Amino acid sequence: MADEDETKEYRWESGYEKTWEAIKEDDDGLLESNVADLVARAKRKRAALKDTGAIQLGMMRHLFVVVDASACMFLQDLKPTRFLCVLKLLEVFVHEFFDLNPISQLGILTTKMKRSEQITVLAGNQKKHIEALQQLKDLSCEGEPSLQNSLERAMNGLKNMPAYSSREILVLFGSLTTCDPGDIQKTIKSLKDNNIRVSIIGLAAEVRICQEIAKKTGGTYNVLIDDHHLKELILNQVQPPAVAGSMEASLVKMGFPGASPIVNDGTSDSSADHAPAYCLCHIESETSSLMGPNGYNCPQCGSRYCELPVECKQCGLTLVSAPHLARSYHHLFPIKPFIERAQVRETTHCFACAKLFVEAETNVYECENCNQIVCLDCDLFIRETLHTCPGCASDPVTAQMKTN
Amino acid sequence: MKLNVDGLLVYFPYDYIYPEQFSYMLELKRALDAKGHCLLEMPSGTGKTTTLLSLIVAYMKAHPLDLTKLVYCSRTVPEIEKVMEELRKLMNYYEKEMGMEQNILGLALSSRKNLCIHPSVSKEREGKVVDGRCYSLTASFVRARHAADDAVPICEFYEGFDAHGKEFPLPPGVYNLDDLKEYGQMKRWCPYFLARHTITHANIVVYSYHYLLDPKIAEVVSKEISKTSVVVFDEAHNIDNVCIDSMSVKITKRLLDKCSNSITILETTISNMKENDSKRLEKEYKRLVEGLRDATIARETDMALVNPVLPSEILEEAVPGTIRTAEHFVAFLKRVVEYIKTRLRVQHVVQESPAGFLRDIHTKVCIDRKPLRFSAERLASLIRTLEISDLTDFSPLVTVSHFATLVSTYTKGFTIIIEPFEDRAPTVSNPILYFSCLDSSIAIKPVFNRFQTVVITSGTLSPLDMYPKILDFHPVIMTSFTMTLARPCILPMIVSKGNDQVAMSSRYETREDTAVIRNYGNLLVEVAAAVPDGIVCFFTSYLYLETIVSSWYDQGIIDQLQRHKLLFIETQDAAETSLALINYIKACDNGRGAVLLSVARGKVSEGIDFDHHLGRAVLMFGIPYVYTQSRILRARLEYLRDQFQIKENDFLTFDAMRHAAQCLGRCMRGKTDYGIMILADKRFSRADKRSKLPKWIQEHLKDTNCNLSTEECVQICKRWLRQMAQPFSREDQLGISLLTLEQLQSEEMQKKIQQRAQGV
């Protein structure tokens, strides 16, 4: 990275890092070990909450990510700097986000020098976002951030999104102060009125106003402990949130553009569909405008797009492909949380990963349906990644039932 | 929940209890059983008030004959209101559990200013004016005149109370100030006199310290409280100063000039009266000859002027002949005032004992001790006789008469200091006579003697053994409780050097050193960059604050600081300070963050809580020693050394450390709260200073955090703040620092509590 040369400094110039302290066991049982324990418990609690509480999930999400680019983002408590670390993790986040929420859209803002800047507009194209993030690395961080300006800006972008979608803002906030032009309480109120959920991840310490914003708008507020924790916190935002009661449910008109231009079975109208044409996603950028036969045509107006999902610029139809919908589907049928058990004597190993249960692990987890027992790691993995219970899936009876 | 505290059934109005609350109850019960006094230190934010109330109420219910009344003394009106709220909660809980109305009457009492409901008098802002106007409407002679002539205004509320209120006591319940006012409005009775009247039969009385400690007020208000009462002094870490202030008098030149005016008024009134109504003066003369004590015939409303001497000291004697007639007395007063005026004409500081003063006044103006001693009482009597209804003008004269009475009554424990100018401005002549009480035990002694149990409690009483010495009493229980915490939510640190390794200290020798000032500045800037929201800094004095801020300005530190947070400064002007505070809170609330620079012993350090985000960090720049050049302090130190064998240094350190602890405690107002406490002075790490911090702070002050540089300190802060920011809910506390009834009763916990009790 080009940037690294600038920010590189000698080892003795950096802050005290007592790495041995992180692994040290505490004599008075109060410090790190205890806090880590709290974090682990909170993790499980969050996971459990997510699965049990809500029935309706905001599958269609419109999310603005606000990245703090103020002077304090150059601090090196995250390596190499806070800013670079956050951008790197955001790339992962964007990727995961579109993986799990294929019919959602995302936009990126930064805030510095008491102002807020738009980096990308709300769009469903992950490549564009990742590119933009990579370009951001050269940005110099300076001045103070403004929470209010960035929230207002994001709100303006989100206000007009359809009511059935979940409107969200994710703020990655490194600074401990915000420099606002007006009364932030008013902004909070209008955020609330617009049903926009603001989640904030603090990079340094708990700031009261962030806590308040998150609480009032129904979002979450977390502060990282280290970079691993930060990754976890960011990736927590990938899961679609439960809908706060007021969101209206409605039928959404969607278009499913024909899949492959080569196999033309005559169902779509004509060969005109696949005549070379400019795709609308790139028509504005002069350098990379693509003209070719490949792409997806909007079934309503015939505009060409090179990627799905996207909202048609001409007629406003949401264009998706069937697999996208299918992937969003598991959010609607989350697996039931596993029951926490004290170690059972009969089963000596985890059903999923076949690891032997050791004495140190006090709790194991049991699936309600198939009564298979798994370890904590598998429990989290099943819940967060697989979304299906290996026990149930491998049992012919229950698997049958599910498909029926 | 219902608790069993050593055999006593205690109703506790919450579902959860802190372990230290239970220990507190155990200790308190032991003190009540022993009918002795006790000193209890428990950190702020651990529910002292509710613990005290629930145990004492339970005890009163269980032993109605041994304990009849609870007198709860607090410092400020908001604190009084807080106590009343807790009491109400407790009573509601009792009612819910027992299913019937409770026969307990609790009420708050405050000054007329806070209780008056008279349409025009209550509009007055100043307490003295309200008192004066109330007196002019309710004094017995005013009412007598009203009976004769309807045009004389009286207070209808007082009349209503006087006519009916005395026969019908307040129904049982909990009355805070607003409730009293409401009740008064409803019945058209005066709430103030209703409350004062009710004190005698109320079960729980909540009022300010002064109603018990200041002899001038205590005589009027608290005379009839029975011996079988328990008296609680909450937030009592400054109780010795309150005692001393209540017995001290300060006389300036201006005050004496005003006295002369008052005396002229007296003279004219007397001569007028002599012409019109000489009988009245004769009657007064006769009464004085008989030596009847005023109190026996005086009506409650007439007690506007009172004797500053403690009850036991007043002799049951007739007023001496020399001051019996009004003219003689006024002439006598004139002589006293003139004498004091001549004494104030000094070029250098004079310090003398009361005995020396008496001898001098005797030789110079031929005034004996005895008439001096009666001057306060005689003045009160005279003003009553003359039917002067506007008392506000006479307060200077009253002060002088108090001084005269006090100086002739006490020969020990007091000193007189006359300074020709203030220390700050040695060129401006501004003579002041201080009559200063040196012995805090004088004012509080009657309280200890009179009541069976006196509880002195606060968040910061360490070192505990100093209080019994300076207040001269023998507590049966002396305990300091720590705070059980599920997470280390206070982080005390001693920062002794800057990044350049120059030691930080507010010592006199290094005070002006730019390196030290710069290091202090850098510390603040770095902490401000690492700590969110509010930071409160305490300096040792206003003077020091000013010099430091001006040199920070020159060094550019203020600019750096303002990049992170807004800056607010406490000044000696109360209005300015409260404006700064309001904006400080605003800045913290909306995320801008703020730094408040204030002074230990100032208004901010005593009464204002910076909970949660308002005080994430407290910095103590230097050790807040009291101004040691003050002659009053030196006299007191000398006295303490001679009378109580307390070394000067011990007392100074004690005093400094309790103020430091008080400042540090500002940021910690409960178990969900968290805050950093930075002691920025090399000297704090010495054992004699460190060991005087309250136990609950000491416990978290690790040896490794006792000698840090700025950079180390900031690193520790950063890590700790991240840990504290992790989600923390009630479940995390349960079982460790918060107990349900079952958990409390579990054997393991009982064992722990027993151990704790023995450990102290």
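In what follows, chains are A, B, ... by sequence order, proteins preceding strands, each numbered from 1. Bear in mind that the values here come from a model prediction, so they are computed numbers and not experimental data.
- Only the side chain of A:Glu212 comes within less than 4.5 Å of a heavy atom in chain B; its backbone stays farther off.
- In A:Lys231, the NZ atom is not crowded: 12 or fewer heavy atoms of neighbouring residues, nucleotides or ligands sit closer than 6.0 Å.
- The CD1 atom of A:Ile184 sits 11.5 Å away from the CG atom of B:Asp589 when rounded to the nearest 0.5 Å.
- Within residues 667-676 of chain B, the residues having any heavy atom closer than 4.5 Å to a heavy atom of chain A are B:Tyr674, listed by residue number.
- Atom CZ of A:Arg208 and atom NE2 of B:His612 lie 7.0 Å apart (nearest 0.5 Å).
- When each of A:Leu176, A:Ile209, A:Val207 is tested with B:Asp533 by the rule side-chain contact (heavy atoms from CB on, under 4.5 Å), just one qualifies, namely A:Val207.
- Of the two parts of A:Asp180, only the side chain, counted from C-beta on, holds a non-hydrogen atom closer than 4.5 Å to a non-hydrogen atom of chain B.
- Going from atom CZ of B:Arg592 over to atom CD of A:Glu144 covers 4.5 Å, rounded to the nearest 0.5 Å.
- In this structure, SG on A:Cys210 lies 12.0 Å from NE2 on B:His613, to the nearest 0.5 angstrom.
- Checked against salt bridge (Lys or Arg N to Asp or Glu O under 4.0 Å), B:Glu526 has no partners two or more places apart in sequence or in another chain.
- If you take OG1 on A:Thr177 and CG on B:Leu566, they are separated by 7.5 Å, rounding to the nearest 0.5 Å.
- When the candidates B:Cys588, B:Ala587, B:Gly591 are compared by the number of heavy-atom contacts under 4.5 Å with chain A, B:Gly591 comes out ahead.
- Here CD1 of A:Ile225 is found 11.0 Å from CZ of B:Arg719. Values are rounded to the nearest 0.5 Å.
- Looking at B:Val531, only its backbone comes within 4.5 Å of chain A, counting heavy atoms on both sides.
- At distances below 3.5 Å, at least one donor-acceptor pair connects side-chain atoms of B:Gln726 with backbone N or O atoms of A:Val223.
- Both the backbone and the side chain of A:Leu224 come within contact range of chain B, each with at least one heavy atom under 4.5 Å from a heavy atom of that chain.
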